[in-house]
Amino acid sequence: MGDHFEIRDQDALGRIGELTVPRAGVTVETPALMPVINPHVRTIEPSRMQSAFGAEILITNSYVFYGSDDYREEALERGLHDVLEFDGVIVTDSGSFQLAEYGEIDVTTPEILEFQRDIGSDVGTPVDVPTPPDVDRERAEDELATTQDRLAVAEGVDTGEMLVNAPVQGSTYPDLRESAGRHADATDLDVFPVGAVVPLMNDYRYGDVVDVVAGAKRGLGRDAPVHLFGAGHPMMFALAVAMGCDLFDSAAYALYARDDRYLTVRGTEQLDDLDYFPCSCPVCADHTPAELRELGDREREELLAEHNLHVTFREMRTVKQALRAGNLLELVETRARAHPAMLDGYRALLDHADLLEREDSASKGAFFYLSGESARRPEVVRHHDRLDRLALSPGDEVLLTEGGPSDRYDESWNVRAPFGPFPRDLSETYPLTAEVPDRMDAEGYRAAAEGVARLAAANPETEFTLAHRGWPEAALAAVPERVDVVDLSG
Ligand code: GUN
Ligand code: ZN
């Protein structure tokens, strides 16, 4: 792997990074959104991508140029940046997506990589095989082997300064994704797209998307820049960034506009169903939904595409700011309320506690407890793991209390949902300074009770009393028998 990527800041598995693109002579800050340009359609002109939307990086499909004599000659003569009138970074895909859609394409990896190099692409892509979800294991393994052969071929092509993608495939088998990630990381290729997730996203299978990305991340390791191929809906950016994805491409802004669909961070709306625009981008500030419906097809499509792109860039900035501030998981938790499938995605992320625990930074601004899922955040997991290692004196009587007198005891600790017990001198340290609602939920109490159980198990010779304020029976069931329990709320 090249050394083109540096991580500047991290929250959960998400990071602010810097991708150096030698051929363009620039660095791109990640997470970055790459609008997809279809050279035949150009719903929004590439030149406006920079001036009106702040795009630093675009993606287009080199196979579209390669497959047409006219386009091909023009691209070879003038170069891609000139043809598209865009002087930022241009990434090119290889036609693999056409392969997935139509079953066949007429180009090899050396041919398309050399073509991408010759038209001036900044980041090229070999011909990977995008294996769909849920295929049998044998097919997933065979096609992954083909992709890996092509990565080896790509390593042998003279690509000059162009960076080269090493797509990670493996269908819906997390262990195949992991070994694909490990293999890709060991090549000397540069950027690592997680492939063939579009069908999962189209079916709202966000839990499966998370598992697939987690598999790839486990194999790739921390320093690899990861592109989530085909993920352009702003609804899932917070989740995907929190899983460690750095690059996103959006064709959605244009494809949805063609079908009169309006993107929001809470999902997709049909223009016909809207009475108000819940947005203040230039399009929504200047028009009502009724006015947009009155326009001709072409103008309406353009304006919808512009709104869709504005909301997409805005969400990426929102995600980056949350990451910087250390509250990315709170944003994920908020976005998860938009759709049950998003909630499933967030729960799947929390299922990868070991991966999060390894990388999430130990100290941030403030921990906001926002729902039962907060009780499963890495900060809570980490605190519980720590309780296993906190040694108390054998024979001592220790009070774990939410308040109330402690003079009868050898030692007195605080206890608080969702963390459970902690020594008093830690009460001003992250995450024990958490803001939690007065009306705690079952998951929070349960997590606190599990914390008590962990501490008790680690100190079998110490006597514990838990003095709580109205914890429910269901939570107290997790506290071992030998802990005395007192309800202070009477
Ligand atoms: N675009 C969306 N998914 C894929 C993929 O798996 N491979 C390539 N090359 N392009 C894609
Ligand atoms: Zn808008």
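All ligand and atom numbering here is 1-based and tracks the order in the structure. All heavy atoms count here, side chains included; hydrogens, waters and symmetry mates do not. As the structure is a prediction and not an experimental result, all values here were calculated from the model.
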### Query
D128 heavy atoms, cut-off 4.0 Å: which ligand 1 atoms fall inside?
5 (C), 6 (O), 7 (N), 8 (C), 9 (N)

### Message
Within the supplied structure, the quantity of interest is the number of heavy atoms (other residues, nucleotides, ligands) at a distance under 6.0 Å from E141 CD; does it exceed 12?
### Response
yes

### Environment of the Zn ion (ligand 2) in terms of protein N/O/S atoms, cut-off under 2.8 Å
C279 SG, C281 SG, C284 SG, H307 ND1

### E333 and R376 ion-paired at < 4.0 Å
no

### Task
For atom 8 (C) of ligand 1, grab the closest protein heavy atom and report residue, atom and distance to one decimal in Å.
F229 CE1, 3.3 Å

### Message
Could you identify the single nearest non-hydrogen protein atom to atom 2 (C) of ligand 1 and state the distance to 0.1 Å?
### Response
F97 CD1, 3.4 Å

### Pair D128-S96, side-chain donor/acceptor within less than 3.5 Å
yes

### Task
Among all protein heavy atoms, pick out the one at the shortest distance from atom 10 (N) of ligand 1; state its residue, atom name and that distance to 0.1 Å.
D93 OD2, 2.6 Å

### Query
Which ligand 1 atoms, with their elements, are less than 4.0 angstrom from a heavy-atom of P130?
6 (O)

### Task
Number the atoms of ligand 1 from 1 as they appear, then name those within less than 4.0 Å of a heavy atom of A196, with their elements.
3 (N), 5 (C), 6 (O)

### Side-chain donor/acceptor of E301 to backbone N/O of R298, under 3.5 Å
no

### Query
Which of the atoms of ligand 1 are close to S96, meaning less than 4.0 Å from one of its heavy atoms?
8 (C), 9 (N)

### Salt bridge R42-E45, side-chain N to carboxylate O under 4.0 Å
yes

### Query
How would you list, by chain and number, every residue that makes a side chain to side chain contact (heavy atoms under 4.5 Å, CB included) with D259, sequence neighbours excluded?
R261

### Message
Between K320 and D9, does any NZ, NE, NH1 or NH2 come within less than 4.0 Å of an OD or OE carboxylate oxygen?
### Response
no

### Residue pairs, two or more places apart or on separate chains, that pass ring-ring contact (aromatic ring centres under 6.0 Å, His included) and touch residues 8-35
none

Could you pull out every donor-acceptor pair under 3.5 Å between side chains of residues 108-118 and any protein atom, sequence neighbours left out?
unit_1	atom_1	unit_2	atom_2	d
T108	OG1	E111	N	3.3
T108	OG1	E111	OE1	3.3
T109	OG1	V127	N	3.1
E111	OE1	T108	N	3.0
Q116	OE1	T92	OG1	2.5
Q116	OE1	T125	N	3.0
Q116	NE2	I112	O	3.1
Q116	NE2	T125	O	2.9
R117	NH1	D158	O	2.7

